[in-house]
Amino acid sequence: MDFYLEIKHICKQTGARYGILHTPHGDVETPMFMPVGTLASVKYLSPEDLYELEAGVILANTYHLWLRPGENVVANAGGIQKFMNYNGPMLTDSGGFQVFSLSEKRKISEEGVTFKNHLNGEKLFLSPEKSIEIQNKLGADIIMSFDECPGYPSTHDYMKKSVERTIRWAERGKIAHQNNKQALFGIVQGGEYPDLRQYCAKELVKLDFPGYSIGGTSVGEDKETLYKMIDYSIKYLPKDKPRYLMGVGSYDAILEGIMRGVDMFDCVLPTRIARHGALMTSKGRLNIRDKKYEYDLLPIDDECDCYTCKNYTRSYLRHLYKCEEGLVKRLLSIHNLRFLINLTKEVRKAIQEDRFGDFKNDFFEKYGLNSKNPRGF
RNA sequence: GCGGUUGUGGCGAAGCGGUUUAACGCACCUGACUGUGACUCAGGCAUACGUGGGUUCGAUCCCCAUCUGCCGCC
């Protein structure tokens, strides 16, 4: 089998997992953070940048690639890795999140979701089978079940119906899945309701997926609720399969997730906020456009080893940002991604040395994160 | 020299006798962004009605003078 998670160590202090995820496009260590490249491109970064970042798995999106350039264009190029010239593991999201994010332009039925194409208004229909068919053609190493991602909060009544449908969709997707080189993950939904999370997780486990995602997260819930969602889901998932927490990229939530047994994270946060001038640093958040950096010749973060921090000053980066020079988006994206990748790297080391609990506490203390100020990013 | 025209916060630009804290853009200063519809969204600052008179219960808005820029003519 080309795809499996090899658990190498479990932290005696916390139970957090260190492992190696084997994929057809190479091995990656977990826990890991996966940059998002929706349209087969991590915005402003080249594959060479991604290699230097040690980015590992890159995400792309079924819905967006379906619309442009179309899955056949990608298949014609030999699959998404060849198409975008990234020789590493990739993952495609199913389009389920777009049911949430494009909620004003869609209608959900048992069969699937009717979308209004956000580019030209054209009516489109995406079903579990269609999503899998597209993902088969895109050819990523890891693909996602087509799920419904309800907003937060949703009523128990609605969530129950939604979860039952998501489970049926997962089963339909599994039946439709034809490419045995791709690992299809089931997605646990159920909002903040423990009974629905349990039900969903158990039903999906019966279908025996090679990995499981925790979805319905990062849709407006607070951090404590997010952590409950993880807890309510993860305890029913098999220990030998990878767990992927979808859409979470703030560093505090990543650490909390890892402590709870999560192996994989993805998020647009580091790249999106970078494009808007906000940076994650070992001293907390920094906004490069702030006037106080006008004459500042220090790097963004003196503890960072990224290309940007090794070569550029805050003063220059601020100048680029203020002048809207495109280069700044690349340089800042590189920094934020490297920050999270380095964080998970340190976490892996801490897990192997059975001190992840201490690491997490130290980190939170250093960043001034506590119950009074629970917010990282 | 004569005629016309213009003059509103750093810049551009509404308003044209009585709902104005005098719009709105840009710039400037901040904040947000969590399976990317995103160089987006939100908020804030600002010694702004050329100057001096006059008409009016009331003038950015009307009249006179003056200064400034622009256009045209001798």
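We name chains A, B, ... by the order of the sequence lines, and we start the count at 1 in each one. Given the structure is predicted, the values throughout are model-derived calculations rather than measurements.
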Looking at A/Gln98, does any N or O in its side chain come under 4.0 Å of the phosphate oxygens OP1/OP2 on B/G37?
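Looking at the OP1 and OP2 atoms of B/G37, one of them is under 4.0 Å from a side-chain N or O of A/Gln98.
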Nearest-Å distance once atom C1' is located in both B/C67 and B/G50:
8 Å
Stretch residues 176-190 of chain A: residues that reach within less than 4.0 Å of RNA chain B through a heavy atom:
A/Ile187, A/Gln189
Salt-bridge test for A/Glu224 and A/Lys228: reply yes if a basic N is under 4.0 Å from a carboxylate O, no otherwise.
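Looking at A/Glu224 and A/Lys228, the cut-off is not met.
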Under 4.0 angstrom, heavy atoms only, what part of the nucleic acid is A/Gly216 near: base, sugar-phosphate, or nothing?
base
Nearest-nucleotide 5' precedence on RNA chain B, A/Lys292 against A/Tyr321:
A/Lys292
Any stacking of A/His64 on B/U36, going by centres under 5.5 angstrom and planes within less than 30 degrees?
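A/His64 ring does not meet the centre or angle cut-off for B/U36; no stack.
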When rounded to whole Å, the CG to C1' distance for the pair A/Leu124 and B/G37 reads 13 Å
So does A/Ser218 get a side-chain nitrogen or oxygen closer than 4.0 Å to the phosphate oxygens (OP1/OP2) of B/U34?
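Result: no.
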P gap between B/C29 and B/G72, integer Å
41 Å
When you measure from the side chain of A/Leu59, which nucleotide among B/G35, B/C29, B/G31 comes out closest?
B/G35
Out of B/U34, B/G35, B/C33, which nucleotide sits closest to the side chain of A/Asp266?
B/G35
Touch class at under 4.0 angstrom, heavy-atom based, for A/Phe146 against every strand present
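Counting heavy atoms under 4.0 Å across all strands, no contact is made by A/Phe146.
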Can you find a donor-acceptor N/O pair under 3.5 angstrom joining the side chain of A/Thr271 to the base of B/U36?
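Side chain to base: pair found, below 3.5 Å.
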Using atom C1' in both nucleotides, what's the gap between B/A46 and B/G10 to the nearest angstrom?
9 Å
Give me the distance, rounded to whole Å, that separates B/U5 from B/A48 when you measure between the C1' atoms they each carry.
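To the nearest whole Å, 22 Å.
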Determine which nucleotide pairs with B/U47, using a 3.5 Å limit on both distances of a Watson-Crick or G-U wobble pair.
none
Which listed nucleotide (B/U34, B/G37, B/C33) is nearest to the side chain of A/Ala278?
B/C33
Backbone N or O of A/Gly88 within a donor-acceptor pair of the A/Gln81 side chain at under 3.5 Å?
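Side chain of A/Gln81 to backbone of A/Gly88: a pair is present.
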Report the distance from atom CZ of A/Phe100 to atom C1' of B/U34, rounded to the nearest whole Å.
10 Å
Tell me if the aromatic rings of A/Tyr193 and A/Tyr232 count as close, with their centers under 6.0 Å from one another.
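Ring centres of A/Tyr232 and A/Tyr193 not closer than 6.0 Å.
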Considering only side-chain heavy atoms of A/Tyr44, which listed nucleotide, B/C39, B/U34, B/G35, is closest?
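Output: B/C39.
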Output the single nucleotide from B/U34, B/U36, B/U30 whose closest atom is nearest the side chain of A/Lys291.
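Of the options given, the side chain of A/Lys291 lies nearest B/U30.
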Taken to the nearest whole Å, OH/A/Tyr244 to C1'/B/U34 is 11 Å
Separation of A/Asp263 atom CG from B/G35 atom P, in whole Å?
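Interatomic distance, CG of A/Asp263 to P of B/G35: 20 Å.
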Is NZ or CZ of A/Lys360 both nearer than 6.0 Å to the six-membered ring centre of A/Phe364 and within 45° of the ring axis?
yes
Could you state the CD-P distance from A/Glu324 to B/C39, rounded to the nearest angstrom?
12 Å
Under 4.0 Å, counting only non-hydrogen atoms across every strand here, what does A/Arg106 touch: a base, just sugar-phosphate, or nothing?
nothing
Taking only the C1' atom of each, what is the distance from B/U21 to B/A32 in whole angstrom?
27 Å
Sidechain N-carboxylate O distance under 4.0 Å for A/Arg338, A/Glu54:
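Judged by the 4.0 Å cut-off on N to carboxylate O distance, A/Arg338 and A/Glu54 do form a salt bridge.
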Side-chain N,O (A/Arg289) to OP1/OP2 (B/C28) below 4.0 Å
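The answer is no; no side-chain N or O of A/Arg289 sits under 4.0 Å from OP1 or OP2.
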The test is salt bridge (Lys or Arg N to Asp or Glu O under 4.0 Å); show your working for A/Lys283 and A/Glu303 and say whether it passes.
CA-CA 9 Å; A/Lys283 310 280 187 305; A/Glu303 292 180 31; 3.4 Å; yes
Which one, B/U34, B/C33, B/C39, comes nearest to the side chain of A/Lys43?
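Of B/U34, B/C33, B/C39, B/C39 is nearest to the side chain of A/Lys43.
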Choose from B/U34, B/U36, B/C28 the nucleotide whose nearest atom is closest to any side-chain atom of A/Lys322.
B/C28
Are A/His118 and A/Tyr63 close enough that their ring centres sit under 6.0 Å apart?
yes
B/G44 and B/C26, which share atom name P, separated by this distance in whole Å:
15 Å
Would you tell me if any nitrogen or oxygen in the side chain of A/Arg272 comes within less than 4.0 Å of OP1 or OP2 on B/U36?
no
Where is the tightest heavy-atom contact between A/Val219 and A/Glu221, given as atom of each residue plus distance?
N-OE1, 2.9 Å
Taking only side-chain N and O atoms of A/Arg68, does any of them lie within less than 4.0 angstrom of OP1 or OP2 on B/G37?
no
A/Asn61 vs B/U36: side-chain N/O to OP1/OP2 distance below 4.0 Å
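Answer yes for this pair, as a side-chain N or O of A/Asn61 is under 4.0 Å from OP1 or OP2.
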Rounded to whole Å, OH of A/Tyr63 lies from C1' of B/U36 at a distance of 12 Å
Please state the P separation for the pair B/C63 and B/C71 - nearest whole angstrom.
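Their P atoms lie roughly 25 Å apart.
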I'd like to know if the side chain of A/Tyr236 and the backbone of A/Cys200 have a donor-acceptor N/O pair within less than 3.5 Å.
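A pair under 3.5 Å: no.
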Selection from B/U40, B/G37, B/U34 that lies nearest to any side-chain heavy atom of A/His276:
B/U40
Closest to the A/Phe97 side chain, choosing from B/U30, B/C39, B/U36:
B/U36
With both distances under 3.5 angstrom, what nucleotide forms a Watson-Crick or G-U wobble pair with B/C62?
B/G54
When you measure from the side-chain N and O atoms of A/Asn287 to the phosphate of B/U30, is any distance below 4.0 Å, counting only OP1 and OP2?
no
Between B/G1 and B/G17, how far apart are the C1' atoms? Round to whole Å, please.
36 Å
For A/Gln182 and A/His177, which I'm curious about, is there any donor-acceptor pair between the side chains at under 3.5 Å?
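Per modelled atom types, A/Gln182 and A/His177 side chains form no pair under 3.5 Å.
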